[in-house]
Amino acid sequence: MASKLLRAVILGPPGSGKGTVCQRIAQNFGLQHLSSGHFLRENIKANTEVGDLAKQYIEKGLLVPDHVITRLMMSELEMRRSQHWLLDGFPRTLVQAEALDKICELDLVITLNIPFETLKDRLSRRWIHAPSGRVYNLDFNPPHVHGIDDITGEPLIQQEDDKPEAVAARLRQYKDVAKPVIDLYKSRGVLHQFSGTETNKIWPYVYTLFSNKITPVQSQEAH
């Protein structure tokens, strides 16, 4: 069962609980959680060529284009050819999905379907520590001190696009871009959709799905 490397992707709109689900999958099944946002921040901090390129777009408030993200992720995946992994934040577009196709075949693609009202509520309760990308939610993982990062003691911010008026536009944009990616993986029979308003209720189904593909490294009771 474990001889074949597992290649998985998680898709979901902002606020869908992707980060939480990824952490649990990584802990329970020993998969490397590969977040495009994390790699972007690391590369920007290290002033790599790709990082500098991405920074130019981010500073103008633009989305980082496909060719930049693809280049970044391909080099990260190249270094992890012998590991089980779970991709988060990539592929976001059909162009990115086609680039990923060239280097590997996916075993599992999960998409989280969360009702719009739930996403709106979650995002309006979301605060972040910008330098590290750590995310807090006032309802289910609040900081120890309101408005302050637990680790550095620096102030937390609410991103402009987490404010209620921006959320609807973000979700519309996500749906438009994600639909062809979701359709592609659906047509290949690797897509699994999970719907609900609570991550804890969705999680057992995700756990079962992965258990059928790879042996857990620890029992579910640990969570």
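Bear in mind that the values here come from a model prediction, so they are computed numbers and not experimental data. Positions are given from 1, in the same order as the sequence printed here.
A single hydrophobic cluster is seen to contain both I103 and L94, as judged by linkage of ILVMFWY side chains at heavy-atom distances under 4.5 Å, directly or through other members. Taking hydrophobic clusters as Ile, Leu, Val, Met, Phe, Trp and Tyr residues chained together by side-chain heavy-atom distances below 4.5 Å, M73 shares a cluster with W85. In the hydrophobic clustering of this structure, V190 does not group with L209; members are Ile, Leu, Val, Met, Phe, Trp, Tyr whose side-chain heavy atoms approach within less than 4.5 Å, directly or through other members. By the criterion of side-chain heavy atoms lying less than 4.5 angstrom apart, applied directly or through intervening Ile, Leu, Val, Met, Phe, Trp or Tyr residues, V181 is grouped together with L72 in one hydrophobic cluster. L123 and Y174 are assigned to two separate hydrophobic clusters, defined by single-linkage of ILVMFWY side chains at heavy-atom distances under 4.5 Å.
Between L11 and D88, the closest side-chain pair of non-hydrogen atoms is not below 4.5 Å. For the pair V9 and L86, the minimum side-chain heavy-atom distance is 4.5 Å or more. Using a 4.5 Å heavy-atom threshold, the side chains of N137 and P142 count as separate. The shortest side-chain heavy-atom distance between R24 and N200 falls under the 4.5 Å cut-off. Taking the side chain as every heavy atom from C-beta outward, I128 and Q159 approach each other to under 4.5 Å. When side chains are defined from C-beta on, F116 counts as touching L171, because their heavy atoms get closer than 4.5 Å. With a 4.5 Å cut-off on side-chain heavy atoms, L77 and L100 count as touching. Side-chain contact between I148 and P143: absent, with no pair of heavy atoms (C-beta onward) separated by less than 4.5 Å.
Minimum interatomic distance between Y136 and D150 (heavy atoms only, all atoms of both residues): OH-N, 2.9 Å. The two atoms that bring P115 and T197 nearest to each other are CG-CG2, 3.7 Å, heavy atoms only. Taking each heavy atom of A166 and E160 in turn, the nearest pair found is CB-O, 3.7 Å. The nearest pair of heavy atoms linking R41 to A130 is CD-O, 4.4 Å. Summarising the geometry of P216 relative to S211, their closest heavy-atom pair is CG-OG, 4.0 Å, with the distance given to 0.1 Å. In terms of heavy atoms, V217 sits closest to G30 at CG2-N, 3.8 Å.
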After noting the C-alpha distance and the side-chain angles of L87 and Q32, does the key distance pass the side chain to side chain contact (heavy atoms under 4.5 Å, CB included) rule? CA-CA 8 Å; L87 280 176; Q32 290 286 322; over 6 Å; no
Would you please test S195 and I114 for side chain to side chain contact (heavy atoms under 4.5 Å, CB included) and show each step? CA-CA 6 Å; S195 304; I114 313 296; over 6 Å; no
Take I58 and I44, measure what side chain to side chain contact (heavy atoms under 4.5 Å, CB included) needs, and give me the verdict at the end. CA-CA 10 Å; I58 292 166; I44 289 168; 3.6 Å; yes
For L5 and Q83: C-alpha separation, side-chain torsions, deciding distance, then whether side chain to side chain contact (heavy atoms under 4.5 Å, CB included) applies. CA-CA 7 Å; L5 289 171; Q83 296 171 349; 5.6 Å; no
Quiz: residues 106-113 side-chain donor-acceptor pairs under 3.5 angstrom, not counting sequence neighbours:
residue: D107; atom: OD1; partner: K4; partner atom: NZ; Å: 2.7
residue: D107; atom: OD2; partner: K4; partner atom: NZ; Å: 3.4
residue: D107; atom: OD2; partner: R7; partner atom: N; Å: 2.7
residue: N113; atom: ND2; partner: Q193; partner atom: OE1; Å: 2.8

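In this structure, F90 has its ring center no closer than 6.0 Å to that of F39.
By the 30° and 60° cut-offs, the orientation of the rings of F194 relative to H192 is parallel. Aromatic ring orientation, F29 versus Y207: tilted (interplanar angle from 30° to 60°).
The line from OG1 of T215 to CG of N28 is 12.5 Å long, rounded to the nearest 0.5 Å. With rounding to the nearest 0.5 Å, the separation of OG1 in T199 from NZ in K201 is 11.5 Å. Atom CZ of R80 sits about 5.5 Å away from atom CG of L34, to the nearest 0.5 Å. A distance of 9.0 Å separates OG1 of T70 from NZ of K102, quoted to the nearest 0.5 Å. The distance from atom NE2 of H144 to atom CD1 of I151, rounded to the nearest 0.5 Å, is 8.5 Å. The distance from the OG1 atom of T93 to the CG atom of D176 is 13.0 Å, given to the nearest 0.5 Å.
The backbone N or O of G12 sits less than 3.5 Å from a side-chain atom of K18, completing a donor-acceptor pair. The main-chain N or O of D149 is never found under 3.5 Å from a side-chain atom of T152 such that the two would form a donor-acceptor pair. A donor-acceptor contact shorter than 3.5 Å is absent between the side chain of Y57 and the backbone of P65. A distance-only check finds a donor-acceptor pair linking the side chain of N212 to the backbone of T208 [under 3.5 Å].
Between R170 and D162 there is a salt bridge, since a side-chain N of the basic residue sits under 4.0 Å from a carboxylate O of the acidic one. Under the 4.0 Å criterion applied to side-chain N and carboxylate O atoms, D183 and K179 are assigned as salt-bridge partners. No salt bridge links R126 with D121; every basic N to acidic carboxylate O contact stays at or beyond 4.0 Å. Under the 4.0 Å criterion applied to side-chain N and carboxylate O atoms, R71 and E76 are not assigned as salt-bridge partners.
By the 6.0 Å contact criterion, OH on Y205 is open, its count of non-hydrogen atoms from other residues, nucleotides or ligands being 12 or less. The environment of CZ in R92 is sparse: at most 12 heavy-atom neighbours from other residues, nucleotides or ligands sit within 6.0 Å.
Under 3.5 Å, the side chains of H129 and S132 contain a donor-acceptor pair of N or O atoms. No side-chain donor from either of N141 and R134 sits under 3.5 Å from a side-chain acceptor of the other.
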